Amino acid sequence: MGYYMPVMLDLRGQKVIVIGGGAVAERRVLALLDAGAEVVVVSPSLSGALTALAEAGGLSWMNRSYAPGDLRGAFLVYAASSNDAVNEEVAAEARSLGLPVNVASRAEAGNFITPGVLRRGRLTVAVSTSGAGPSAAARITEQLSEVLGEEYEPYLDFLHQLRTEIKRREPSAEVRGRLLRRLSRLDVLNEMRQGTFIEWTPQDVEAWIAGNRGD
Ligand SMILES: C[C@@]1(CC(=O)O)C2=NC(=C\c3[nH]c(c(CCC(=O)O)c3CC(=O)O)Cc3[nH]c(c(CC(=O)O)c3CCC(=O)O)/C=C3\N/C(=C\2)[C@@H](CCC(=O)O)[C@]3(C)CC(=O)O)/[C@H]1CCC(=O)O
Ligand SMILES: NC(=O)c1ccc[n+]([C@@H]2O[C@H](COP(=O)([O-])OP(=O)(O)OC[C@H]3O[C@@H](n4cnc5c(N)ncnc54)[C@H](O)[C@@H]3O)[C@@H](O)[C@H]2O)c1
């Protein structure tokens, strides 16, 4: 039954159209803006948070009901109105244009669904029950947030910094591979969790690379 394909989309500068301006649309829009999307909301009303964003110029608001043709130029579409028939019409237009569409009122009418999301800096964990139990997805996400603590954010920044340095310095794919494998075995995550981690200086990085290049 797990037929959905998880992907991580780069939405920076991409136009995303959200139909509806209520509680569900608000969750989608906040996440889309975090991802750098250019958001257009089509809805005769907006939630408080969406109104504030529209007033501040954070999104474009078309203050009316959905009309065929609204999806032109979109990269991604969310049908999140409280009118099920309208959501189905939006899904049909998106499909006719070959656009991916999410339908809040009936998952099967769309071709992608929205997971529960946990973020720790560069770490993103997405949880889906394939639509079987959205509340369960929310609960599992919450449980994971207890296991995956705040230390993952600096840990991934550390890994990113070292990995970038290794790729910049090491011309040999074999040596790079060895260094990157050794990097993942360092005890840094534990040190960060316990608050005993001491920031590596550029000299520490250089010394670690020099000391771990060989077999
Ligand atoms: C995870 C989360 C992400 C998010 O939305 O941000 C999410 N739903 C959340 C909460 C939630 N949803 C619902 C309730 C009310 C209680 C209940 O009914 O259980 C609550 C609880 C609440 O609101 O607190 C009702 C509901 N949800 C859907 C339908 C229609 C259907 O089943 O087809 C109905 C019935 C509507 C009706 O009949 O009126 C459908 C979907 N909900 C999904 C995601 C997608 C599948 C995810 C998966 O794979 O499991 C999918 C398919 C839609 C999509 O892709 O947009 C988010 C947790 C946010 C968090 O972490 O706090
Ligand atoms: N995916 C989820 O997590 C989830 C959770 C709860 C409910 N739902 C479903 O999503 C739908 C929306 O939920 P909500 O809580 O955001 O509802 P809501 O009542 O808070 O908001 C609905 C929004 O749709 C707008 N709207 C109504 N008719 C429209 C039209 N013709 N064109 C454009 N916009 C229109 C309204 O103006 C309003 O802004 C529900 O009807 C339900 O089917 C999904």
Side-chain angles (χ1 to χ4, degrees), residues 1-9 11 15-37 39-55 58-97 99-120 123-150:
M1 275 311 287
Y3 54 84
Y4 286 102
M5 172 74 180
V7 295
M8 298 289 180
L9 290 177
L11 290 180
K15 183 166 159 182
V16 179
I17 304 207
V18 179
I19 309 296
V24 172
E26 182 179 308
R27 285 209 296 270
R28 301 289 171 270
V29 170
L30 293 176
L32 288 165
L33 292 175
D34 274 349
V39 177
V40 179
V41 176
V42 180
S43 176
S45 76
L46 290 186
S47 71
L50 291 180
T51 304
L53 276 168
E55 281 167 0
L59 57 83
S60 309
W61 177 29
M62 301 175 81
N63 183 0
R64 57 167 175 76
S65 295
Y66 159 79
D70 280 349
L71 308 186
R72 266 195 293 271
F75 179 81
L76 207 61
V77 177
Y78 288 84
S81 88
S82 47
N83 184 324
D84 294 0
V86 165
N87 289 345
E88 302 280 334
E89 275 180 56
V90 172
E93 183 186 347
R95 283 176 182 281
S96 75
L97 295 171
L99 294 173
V101 60
N102 172 251
V103 180
S105 45
R106 192 171 70 87
E108 310 75 42
N111 48 19
F112 73 94
I113 58 176
T114 309
V117 174
L118 166 70
R119 284 192 198 274
R120 294 285 183 255
L123 174 68
T124 301
V125 179
V127 177
S128 172
T129 64
S130 305
S135 301
R139 207 175 53 250
I140 293 163
T141 308
E142 184 59 37
Q143 286 164 348
L144 286 173
S145 77
E146 284 159 27
V147 181
L148 302 170
E150 304 289 345

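Order of listing sets the numbers, starting from 1, for every ligand and every atom in it. Just so we're clear, the structure is a prediction, and the values are computed from it rather than from any experiment. Start at 1 with the first residue, then count along the sequence.
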Ignoring hydrogens, just give me the one of P134, A31, P115 whose non-hydrogen atom is nearest atom 11 (C) of ligand 1.
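The residue whose heavy atom sits nearest atom 11 (C) of ligand 1 is P134.
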Out of A104, G131, G110, who is nearest to atom 40 (C) of ligand 1 when you count heavy atoms only?
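Minimum heavy-atom distance to atom 40 (C) of ligand 1 goes to A104.
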List every atom of ligand 1 that sits less than 4.0 Å from any heavy atom of [X], numbering the atoms from 1 in the order shown and giving each element.
X	answer
S105	30 (C), 33 (O)
N102	54 (C), 55 (O), 56 (O)
G116	1 (C)
S130	49 (O)
I113	49 (O), 52 (C), 55 (O)
A137	50 (O)

What does the N/O contact table under 3.5 Å look like for ligand 2?
residue, atom, partner, partner atom, Å
ligand 2, 3 (O), R27, NH2, 2.8
ligand 2, 16 (O), A23, N, 3.0
ligand 2, 16 (O), V24, N, 2.8
ligand 2, 20 (O), A23, N, 3.2
ligand 2, 24 (O), S82, N, 3.2
ligand 2, 32 (N), Y66, N, 3.0
ligand 2, 37 (O), S43, OG, 3.2
ligand 2, 37 (O), S45, OG, 2.8
ligand 2, 39 (O), G21, N, 3.0
ligand 2, 39 (O), G22, N, 3.3
ligand 2, 39 (O), S43, OG, 3.2
ligand 2, 39 (O), S45, O, 3.2
ligand 2, 39 (O), S45, OG, 3.1

Got a list of side-chain donor-acceptor pairs under 3.5 Å for residues 25-34, not counting sequence neighbours?
residue, atom, partner, partner atom, Å
E26, OE1, S47, OG, 2.6
R28, NE, T114, OG1, 3.3

Can you find a pair of side-chain heavy atoms, one from T141 and one from V117, that are under 4.5 Å apart?
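T141 does not reach V117 side chain to side chain.
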Please check if the side chain of S43 supplies one atom and the backbone of L46 the other of a donor-acceptor pair under 3.5 Å.
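Side chain of S43 to backbone of L46: no pair is present.
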Using a 3.5 Å distance criterion without hydrogens, assess whether the side chain of E89 forms a donor-acceptor pair with backbone atoms of P68.
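No, the answer is negative, given that no donor and acceptor are paired below the 3.5 Å cut-off.
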Closer than 4.0 Å and a protein heavy atom, does any atom meet both conditions relative to atom 43 (C) of ligand 1?
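For atom 43 (C) of ligand 1 the answer is yes, since some protein heavy atom falls inside 4.0 Å.
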Nearest neighbour in protein (non-hydrogen) for atom 56 (O) of ligand 1
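Minimum-distance protein heavy atom for atom 56 (O) of ligand 1 reads R28 NH2, 2.8 Å.
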